[in-house]
Every structure is written in structure tokens, then in C-alpha cells.
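Below, chain A is the first sequence line, B the second, and so on; all start at residue 1.
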Number of protein chains: 2
Amino acid sequence: MIQSVERALSLLDHIAEHPESSHNLAEMTEFLGVDKSSVFRLLSTLAKHGLVRQDESRKTYQLGFGIYSLAAALRSQVKITELAAPFLKRVALATKENAHLAVRSGLSAVFVDRERASKTIAANTSIGDSEELHCTAVGKCLVSHLDRAAIGLLFEGVELTRYTDRTIVDVEALAAEIAAVKAAGYAVDAEEYEKNVVCLAAPVRNFEGVVEAAIGISGPKERMEAQMDAFVAIVRDAGLELSAMLGAR
Amino acid sequence: MIQSVERALSLLDHIAEHPESSHNLAEMTEFLGVDKSSVFRLLSTLAKHGLVRQDESRKTYQLGFGIYSLAAALRSQVKITELAAPFLKRVALATKENAHLAVRSGLSAVFVDRERASKTIAANTSIGDSEELHCTAVGKCLVSHLDRAAIGLLFEGVELTRYTDRTIVDVEALAAEIAAVKAAGYAVDAEEYEKNVVCLAAPVRNFEGVVEAAIGISGPKERMEAQMDAFVAIVRDAGLELSAMLGAR
DNA sequence: CAATCATATTGCGAATGGTACAACGCTATT
DNA sequence: AATAGCGTTGTACCATTCGCAATATGATTG
């Protein structure tokens with residue numbers, strides 16, 4: 001771990017996570033807790049590579065468009081999205097709900113692709129959005145290949161945020177739920193993150209049995225519950241077929 | 001400019017720009033020209049923040065999904081109108097016609113910004129106005145990333161209103177026209193909405209290749225047709241440059 | 001199955017490069 | 001005009017990073 005790189009990336013994350021505050025040099029210095037000259041040089045270096053840009057009046061720093069270039073490169077290099085695209089389309093078409101593909105990044109589920117359904121009222125997630133693992137269907141899928149010990153290690157010392165009265169906030173209960181997901185081959189988020197929103201997801205496993213991604217849908221409680229059985233079949237089949245393409249048995 | 005940050009970001013750029021070669025530690029070391037232990041630590045730091053990830057077998061490094069999170073944050077922080085403003089000005093100045101920026105909302109193209117040219121006789125659209133997709137240049141641009149099936153779905157059961165004898169009212173013909181727009185990289189509305197008014201527009205694509213907006217001009221038939229070739233170049237270049245800022249390639 | 005090779009990872013002393021401090025410049029505000 | 005608040009640049013010291021070498025891991029060979 002290289003300290004100055006660590007600091008530079010922290011600055012980047014800080015800007016990304018706090019769109020509300022105006023990020024001038026003083027504010028960034030306050031955040032990092034080192035001298036402003038160091039912060040200035042860190043930001044200059046980031047700016048040189050287009051990851052941040054300073055307002056023309058030099059007063060505030062914002063995220064830079066170089067990020068888009070990286071995102072475009074990432075998109076073209078990652079193969080799982082290409083593989084999954086037809087499945088997403090199929091799921092979205094069959095369920096008439098928005099379908100999405102997520103991968104895990106640390107303790108987050110990051111959405112890497114999505115397919116819109118025609119419905120006007122629908123859950124709206126964008127590529128790049130990330131959600132927590134413990135309260136989402138895709139999140140639970142993404143850790144469903146881990147054993148009890150690994151789950152414990154992953155969530156060790158992590159506070160599971162409560163979002164609704166159904167959110168699982170106890171690691172022990174979460175581990176049990178994940179075991180159930182593993183056995184069933186799919187996961188449900190029944191208003192555990194947002195009231196009136198129900199999600200359904202299935203894991204995508206590679207040849208090693210490791211969950212590489214999760215494919216899921218989400219929508220209003222009534223629509224989802226009314227056809228739950230049919231939807232489970234659709235989503236789980238998509239996950240299984242996609243897994244098969246990655247060599248899973 | 002801080003050396004280690006500089007090096008870390010160079011590694012990131014290198015991975016992004018060379019999808020073909022397999023980026024193992026040796027290759028990255030060769031590229032940077034410093035000791036492999038340093039490269040290892042730089043990559044580890046990048047990996048900790050999700051900007052790169054190492055293949056499960058630890059052999060190769062790829063771009064990480066944390067990039068998507070940054071891209072999502074950037075997208076939510078940047079308003080397209082701010083970005084587009086200088087381009088609108090440039091286009092209006094170069095063509096001496098009114099320039100406007102439109103985004104799609106359902107089956108409408110909504111004008112979100114405009115730049116007036118000096119001409120007294122000119123098409124007059126205001127911010128907030130909306131026009132139909134099938135009979136306007138910006139409208140055709142805004143759906144030019146969709147494939148034939150999506151076009152069909154979008155206009156399914158929709159009556160395409162005839163405004164002039166040149167208005168395209170057949171979905172089949174419209175789909176062909178949109179395919180032509182996609183290929184050409186710009187769209188023309190030759191009196192398809194209003195007699196004697198010609199419009200010209202180019203799509204603005206993001207890093208996903210999705211058309212987020214359209215930039216266009218409109219004016220009286222004679223002025224527009226007299227300089228059509230030059231105008232096409234001006235508008236299309238503006239669209240391409242703006243797209244590049246959003247990470248399109 | 002041992003041996004060898006190729007690769008990634010870790011420990012550690014040396015010195016480079018980053019940091020803090022201070023000085024400077026710029027703009028706005030009184 | 002003076003002051004204050006910010007960003008930017010110069011510099012010397014010393015913490016951090018670097019390169020070297022040792023170790024670990026895993027693949028390939030005879």
C-alpha cells in the first residue's frame with residue numbers, strides 16, 4: 001500500500017461520495033488531514049490524468065471526464081456483460097420488469113449492466129450504482145458461494161444498516177439467509193431495502209463454482225408477488241444458463 | 001506532480017489502452033521501468049480502491065468495477081447542459097442559426113438548452129418545448145442507438161402524425177431512416193414537420209454508446225440547404241466532441 | 001515425484017521523493 | 001489601501017518509497 005496513492009484515491013472517492021459539498025482545496029485538506037501543499041499536488045496529479053478537473057476559476061474540484069474513458073475501456077474489456085446481455089433482455093421481456101446484472105466489489109454489489117422493461121413505474125438503477133450486500137437480492141446471491149466462516153470474516157466488525165423493519169441486521173441471521181439462498185439457487189429481497197420494492201435474483205457461477213455475478217429484477221411489491229413463482233423460474237433459469245456458459249455444472 | 005500517483009495512474013491508463021495484451025506483473029513492470037515490488041504495491045493500492053482487480057488466479061490485472069462507481073457519481077454530478085453550452089455557442093456562431101440541445105422523454109424530444117444566433121428570421125424553440133421524435137432531426141438522433149426491435153417496441157401502436165407531405169408516417173420507413181442516421185452520424189429533417197423549415201442534428205453518446213442528447217440547428221430551407229455540407233460538418237463535429245467528453249469512442 | 005523454472009509476494013536498509021513550513025501571488029472585501 | 005482568504009511555488013528535512021534479495025507459490029519438466 002503506497003501512502004500517496006492511497007491518499008490520492010481517497011480524495012477521488014471523497015469527491016465521488018459527497019456531491020453536495022463544494023470541494024475546494026481547504027475542504028480537501030480538512031478531509032485528508034495533511035498539509036494543503038500536498039493535497040494540491042495530489043489533486044494536480046489526478047487532474048493531469050483527467051480523473052479530477054478544477055473549475056476554471058480554480059476554486060473547486062470535481063470528478064474529471066477521464067473517468068468516462070476508463071469506464072468505456074472497462075466496458076469493452078469485460079466479457080460477462082456481453083455474455084449476459086441476451087439473458088437480461090430475455091428476463092426483462094418475460095417479466096416486464098427491469099433486469100440488471102451486478103458484480104461484487106468489496107462489500108458492495110455494483111450494477112454493471114441493465115435492461116429496461118417497458119413499464120413506466122419501475123425500480124430505476126443505473127450502471128455503476130452500488131448497493132449493500134445484506135439487504136439486496138443480488139447482494140445475497142453474490143456471496144452465496146461463501147461458507148459460514150468466510151461470511152463471518154467478510155462482515156466482521158461491519159455494522160449492517162437497517163433500512164426497513166425487514167432488513168436483516170444480524171450477521172448470524174444473514175448467514176442463515178445466505179445458506180438458504182445457496183440451497184434454493186435464488187434470492188429474494190422482500191422490502192428489506194426499500195418499502196414496497198421487491199427484488200429477485202439468481203447467482204451466475206463460473207467453472208469453479210464461484211459466483212461471478214448476479215442477475216436480477218426488481219419492481220413494485222404487488223406486481224412481483226402476484227407472479228413470484230413464474231418470475232423465480234425465469235430468473236433462476238437465466239442464471240443457470242449463464243452459469244453454464246461460464247463452465248459451471 | 002507526485003511520482004507514485006503518476007505511476008499508479010499510468011498503470012491504470014496502460015491497462016485501459018491495451019486490452020489486447022495480458023497484464024501480468026512482469027508486463028506492467030516492463031512498461032513502468034521500475035522494480036516489480038514497486039509495481040506490485042502500486043497495483044495493490046489501486047486494487048484496494050477497486051480501480052483494478054487481479055484475476056482470481058493472480059496472474060493478470062484488469063480494470064476494476066470501482067471505475068463504474070466513479071462514472072456513476074460523475075454522471076450524477078455533471079449536468080449535460082453545462083457541458084454542452086460552449087458547443088452550442090460554437091455551433092450557433094459558426095452557422096449563424098439557432099442551436100439547441102434536446103434530450104428524450106418518452107416519445108418526445110425535449111429542448112433543455114438553446115443558443116440564439118443573430119438572424120432575425122429563425123426557427124424559434126424555447127427551453128422546455130417538446131417535439132415528436134419521428135419528424136425532427138433531434139428526435140431521430142435521440143433514438144439512433146436503438147436496434148430495429150427496440151424501435152418497433154417504442155412506436156408500437158403509436159400513430160405517427162402527418163405534418164407535411166414529407167413527414168414519415170410509416171414505422172417501417174422510420175426504422176430505415178433511423179438506421180441511416182445511425183450510419184451517417186447525423187440526421188436531417190427536410191420539411192418533415194414544418195414547411196420551409198430544415199433541421200440538422202447530431203447525437204451525443206455516452207460511454208455506453210447510448211444517445212443521451214442531441215445537438216442541432218434549424219432554419220429556413222434556403223439558408224440551410226445552401227450550406228448543408230458545411231453545416232453537417234460543424235454539427236457532427238460538435239456532437240462527436242461532446243460525446244468524447246462523455247467517454248464515447 | 002523431485003527438481004526446476006517462472007511468477008508473485010514480503011522484509012529491510014538506503015536514499016529518493018514527499019511532506020510541512022513558509023513565502024508569494026492573486027482576488028475579493030472592508 | 002489594507003486586510004484577509006484562498007491557491008500556488010520554493011526548499012530542507014526525514015518519512016516513505018524504492019530496489020535488492022529472500023521467500024512463497026504454483027506450473028512444468030524429466
Original post:
Under 4.0 Å between a side-chain N or O of B:Ser38 and OP1 or OP2 of D:dT17?
Top reply: no
Subject >> Gap between atoms CE and P, on B:Met28 and C:dA8 respectively (whole Å) >> reply: 11 Å
**OP:** Quick one: list whatever passes salt bridge (Lys or Arg N to Asp or Glu O under 4.0 Å) with B:Glu30, sequence neighbours left out.
**Re:** none
**OP:** Supply the atom-to-atom distance B:Glu97 CD to B:Cys199 SG, rounded to the nearest 0.5 angstrom.
**Re:** 10.0 Å
**OP:** Hey, can you tell me if B:Phe207 and A:Tyr68 have their rings parallel, tilted or perpendicular (30° and 60° cut-offs)?
**Re:** parallel
Subject >> Distance, rounded to the nearest Å, where A:Leu42 contributes CG and D:dT9 contributes P >> reply: 15 Å
**OP:** To the nearest 0.5 angstrom, please state how far the CG atom of A:Leu70 sits from the CD1 atom of B:Ile15.
**Re:** 9.5 Å
Original post:
Of A:Met1 and A:Asp35, whose closest DNA chain D nucleotide lies nearer the 5' terminus?
Top reply: A:Asp35
Original post:
Between atom CD in A:Glu6 and atom P in D:dT16, what is the gap in whole Å?
Top reply: 13 Å
**OP:** Would you kindly compare B:Lys36 and A:Ala26 by the position of their nearest DNA chain D nucleotide and give the one closer to the 5′ end?
**Re:** A:Ala26
Subject >> Length of the line joining A:Glu27:CD and D:dG7:P, which is rounded to integer Å >> reply: 10 Å
Original post:
Between C:dT7 atom C1' and B:Phe40 atom CZ, what is the distance in whole Å?
Top reply: 12 Å
**OP:** To the nearest 0.5 angstrom, please state how far the OG1 atom of A:Thr45 sits from the CZ atom of A:Phe40.
**Re:** 9.5 Å
Original post:
Should A:Lys140 and A:Glu192 count as an ion pair when the cut-off is N to O under 4.0 Å?
Top reply: yes
**OP:** In whole angstrom, give the distance that lies between atom CD of B:Gln3 and atom C1' of D:dG19.
**Re:** 13 Å
Subject >> Side chain of B:Arg41 - closest among C:dG11, C:dT9, C:dA20 >> reply: C:dG11
**OP:** State whether A:Arg7 places a side-chain N or O below 4.0 Å from either non-bridging phosphate oxygen (OP1 or OP2) of C:dT19.
**Re:** yes
**OP:** Side chain of A:Ser4 only, please: which of D:dC18, C:dA8, C:dT19 is the nearest?
**Re:** C:dT19
Original post:
For C:dT9, does either OP1 or OP2 sit under 4.0 Å from a side-chain N or O belonging to B:Ser44?
Top reply: no
Original post:
For the helix from C:dC1-D:dG30 to C:dT30-D:dA1, what is the angle between the axes at its two ends, each from 5 pairs, rounded to 10°?
Top reply: 30°
**OP:** Please identify each residue that fulfils salt bridge (Lys or Arg N to Asp or Glu O under 4.0 Å) with A:Glu132, with sequence neighbours left out.
**Re:** none
**OP:** Remember a base hit wins even if backbone is also touched, and classify B:Leu25 as base, sugar-phosphate or nothing at under 4.0 Å, heavy atoms.
**Re:** base
Original post:
Any side-chain N or O of B:Ser37 less than 4.0 Å from the OP1 or OP2 oxygen of D:dC20?
Top reply: no
Original post:
Of the nucleotides C:dG18, C:dC21, D:dT17, which has the atom closest to the B:Ile2 side chain?
Top reply: C:dG18
